[in-house]
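Let me begin by presenting the structure, written as structure tokens, before commenting on it.
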There are 2 protein chains.
Amino acid sequence: MTSTDRPVSARTTRQRRAVSAALVDITGFCSAQEIHEIVKRRGDAVGLSTVYRTLQAMADADEVDVLRTDEGEALYRRCSSGHHHHLVCRDCGRTVEVEGPTVERWADRVAADHGFADVSHTLEIFGRCESCG
Amino acid sequence: MTSTDRPVSARTTRQRRAVSAALVDITGFCSAQEIHEIVKRRGDAVGLSTVYRTLQAMADADEVDVLRTDEGEALYRRCSSGHHHHLVCRDCGRTVEVEGPTVERWADRVAADHGFADVSHTLEIFGRCESCG
DNA sequence: ATCTTCATGACAACGATTCTCATTCCCGAG
DNA sequence: CTCGGGAATGAGAATCGTTGTCATGAAGAT
Ligand SMILES: [Zn+2]
Ligand SMILES: [Zn+2]
Ligand SMILES: [Zn+2]
Ligand SMILES: [Zn+2]
């Protein structure tokens, strides 16, 4: 009864290394398909399914952050660990990690005031960066 | 050259009235398909395509708020006008509209500090409400 | 080297959303 | 009121991101 019935190992395969390497190359958020392209462009061949699976595993392990496009598409990015939010350029995708202790407290307080427990939140800032002026 | 080339009318049809009515009945965020079901349950027959189109039109006109599930599904809700955010129950969908002037200022400031212009943001708080304790 | 098990990938399947287009029916001009 | 043009509808096909299937390949323990 050790709960989840999913593998516990995490083997280091050529494919996983390729995806990780691609994620290091890029600075902004990318879709799974874009990452698949990047991996390919770097000369590594990895199946699209595997890219999706790897990205999901990395997200579960908090090795990448995920955010959703207005259209619902998932975008991934290698981020520093720890809770933070993003300031993202709408045009070029350039991303800055930001922290806001005040916001964190505000959100928790609002939730508590209304009797909500087990609180979490999402917060992203979008704009146009200087180079995209 | 009056810009957009999309219809300018907005005819009041039975279908649009039905969707609007359904939106009044519900308090939390619902998917287009759920709203389609609710409309049907109320005795009005409206095509799914029309529900989607109507909801989109209402969103464009700021008559409903839209938010995205973790899985990327769009949820709609009739909201008060004006900028605000939501505290949403993960289980039952109960929603409370919240405002946070401090957060608004913080977000704009962060963006400005990094040279970003034309700033916007998304912010939602999730939790489990009392009745879902 | 061998074996167990997880990982891979080509392809099918899925589900939400959008598109197509023939038909319906608002609604304002006459 | 009645017509006619054009917006609105809806059934079904098409899209597209994502997930499932399953036979085959390859880590890694022994
Ligand atoms: Zn930019
Ligand atoms: Zn936070
Ligand atoms: Zn609840
Ligand atoms: Zn705000």
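Naming convention: chains lettered A, B, ... in sequence-line order (proteins, then strands); numbering from 1 in each chain.
Residue pairs that meet the side chain to side chain donor-acceptor pair (under 3.5 Å) test with at least one member in residues 71-82 of chain A, sequence neighbours left out, are A:Arg77-A:Glu97, A:Ser80-A:Glu97. Sequence neighbours left out, the pairs with a member in residues 119-133 of chain A that pass side chain to side chain donor-acceptor pair (under 3.5 Å) are A:His83-A:His121, A:His85-A:His121, A:His86-A:Glu124, A:Arg94-A:Ser131, A:Glu104-A:His121, A:Ser120-B:Arg90, A:Arg128-B:Asp118. Contacts classified as ring-ring contact (aromatic ring centres under 6.0 Å, His included) and involving residues 33-52 of chain A (residues at least two apart or in different chains) are not found. For residues 30-40 of chain B, the set of pairs meeting the salt bridge (charged side-chain N to carboxylate O under 4.0 Å, His left out) definition, not counting sequence neighbours, comprises B:Glu37-B:Lys40.
Distance, B:Arg17 CZ to D:dA8 P: 14 Å, rounded to whole Å. Between the CD atom of B:Glu34 and the C1' atom of C:dG15 there is a distance of 14 Å, rounded to whole Å. Taking atom CD of residue B:Glu71 and atom C1' of nucleotide C:dT17, one finds them 16 Å apart after rounding to whole Å. Counting to the nearest Å, the P atom of D:dG12 and the NE2 atom of B:His36 are 13 Å from each other. Separating the CG atom of B:Asp70 from the C1' atom of C:dA16 is a distance of 16 Å, rounded to the nearest angstrom. Residue B:Leu55 contributes atom CG, which lies 15 Å from atom P of C:dA16 at whole-angstrom precision.
The shortest distance between side-chain heavy atoms of B:Gln33 and B:Leu48 falls below 4.5 Å. Two residues are said to be in side-chain contact when any heavy atoms from C-beta on lie closer than 4.5 Å; A:Arg68 and A:Leu75 fail this criterion. Using a 4.5 Å heavy-atom threshold, the side chains of B:Ile125 and A:Val119 count as touching. The side-chain heavy atoms of A:Cys129 and B:His114, taken from C-beta on, include no pair separated by under 4.5 Å.
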Show the distances under 3.5 angstrom between N or O atoms of the protein and N or O atoms of nucleotides 1-3 of chain C.
none

Between the protein and nucleotides 14-18 of chain D, which nitrogen or oxygen pairs are less than 3.5 angstrom apart?
{"from": "D:dG17", "atom 1": "OP2", "to": "A:Gln33", "atom 2": "NE2", "distance (Å)": "3.2"}
{"from": "D:dG17", "atom 1": "O5'", "to": "A:Gln33", "atom 2": "NE2", "distance (Å)": "3.3"}
{"from": "D:dT18", "atom 1": "OP1", "to": "A:Ala74", "atom 2": "N", "distance (Å)": "2.9"}
{"from": "D:dT18", "atom 1": "OP2", "to": "A:Tyr52", "atom 2": "OH", "distance (Å)": "2.9"}

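Under the side-chain hydrogen bond (donor to acceptor under 3.5 Å, both in side chains) criterion, A:Asp108 pairs with no residue at all, not counting sequence neighbours. Judged as a side-chain hydrogen bond (donor to acceptor under 3.5 Å, both in side chains), and not counting sequence neighbours, the contacts of A:Thr50 are A:Arg53. Applying the side-chain hydrogen bond (donor to acceptor under 3.5 Å, both in side chains) criterion to B:Asp113, with sequence neighbours excluded, gives B:Arg109.
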Per-nt protein contacts along nucleotides 19-30 of chain C (heavy atom under 4.0 Å; B base, S backbone sugar-phosphate only, - none) come out as BB-----BS---
Derivation of the side chain to side chain contact (heavy atoms under 4.5 Å, CB included) call for B:Leu87 and A:Phe116: CA-CA 9 Å; B:Leu87 170 58; A:Phe116 280 60; 3.8 Å; yes
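Residue A:Ala45 is classed as a sugar-phosphate contact, given heavy-atom separations below 4.0 Å to backbone atoms only.
Summary for the helix from C:dA1-D:dT30 to C:dG30-D:dC1: the axes at its two ends, each from 5 pairs, differ by 30° when rounded to the nearest 10 degrees.
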For residues 19-30 of chain A, dump all side-chain donor-acceptor pairs below 3.5 Å to protein atoms at least two apart in sequence or in another chain.
{"from": "A:Ser20", "atom 1": "OG", "to": "A:Arg16", "atom 2": "O", "distance (Å)": "3.2"}
{"from": "A:Asp25", "atom 1": "OD2", "to": "A:Arg42", "atom 2": "NE", "distance (Å)": "2.9"}

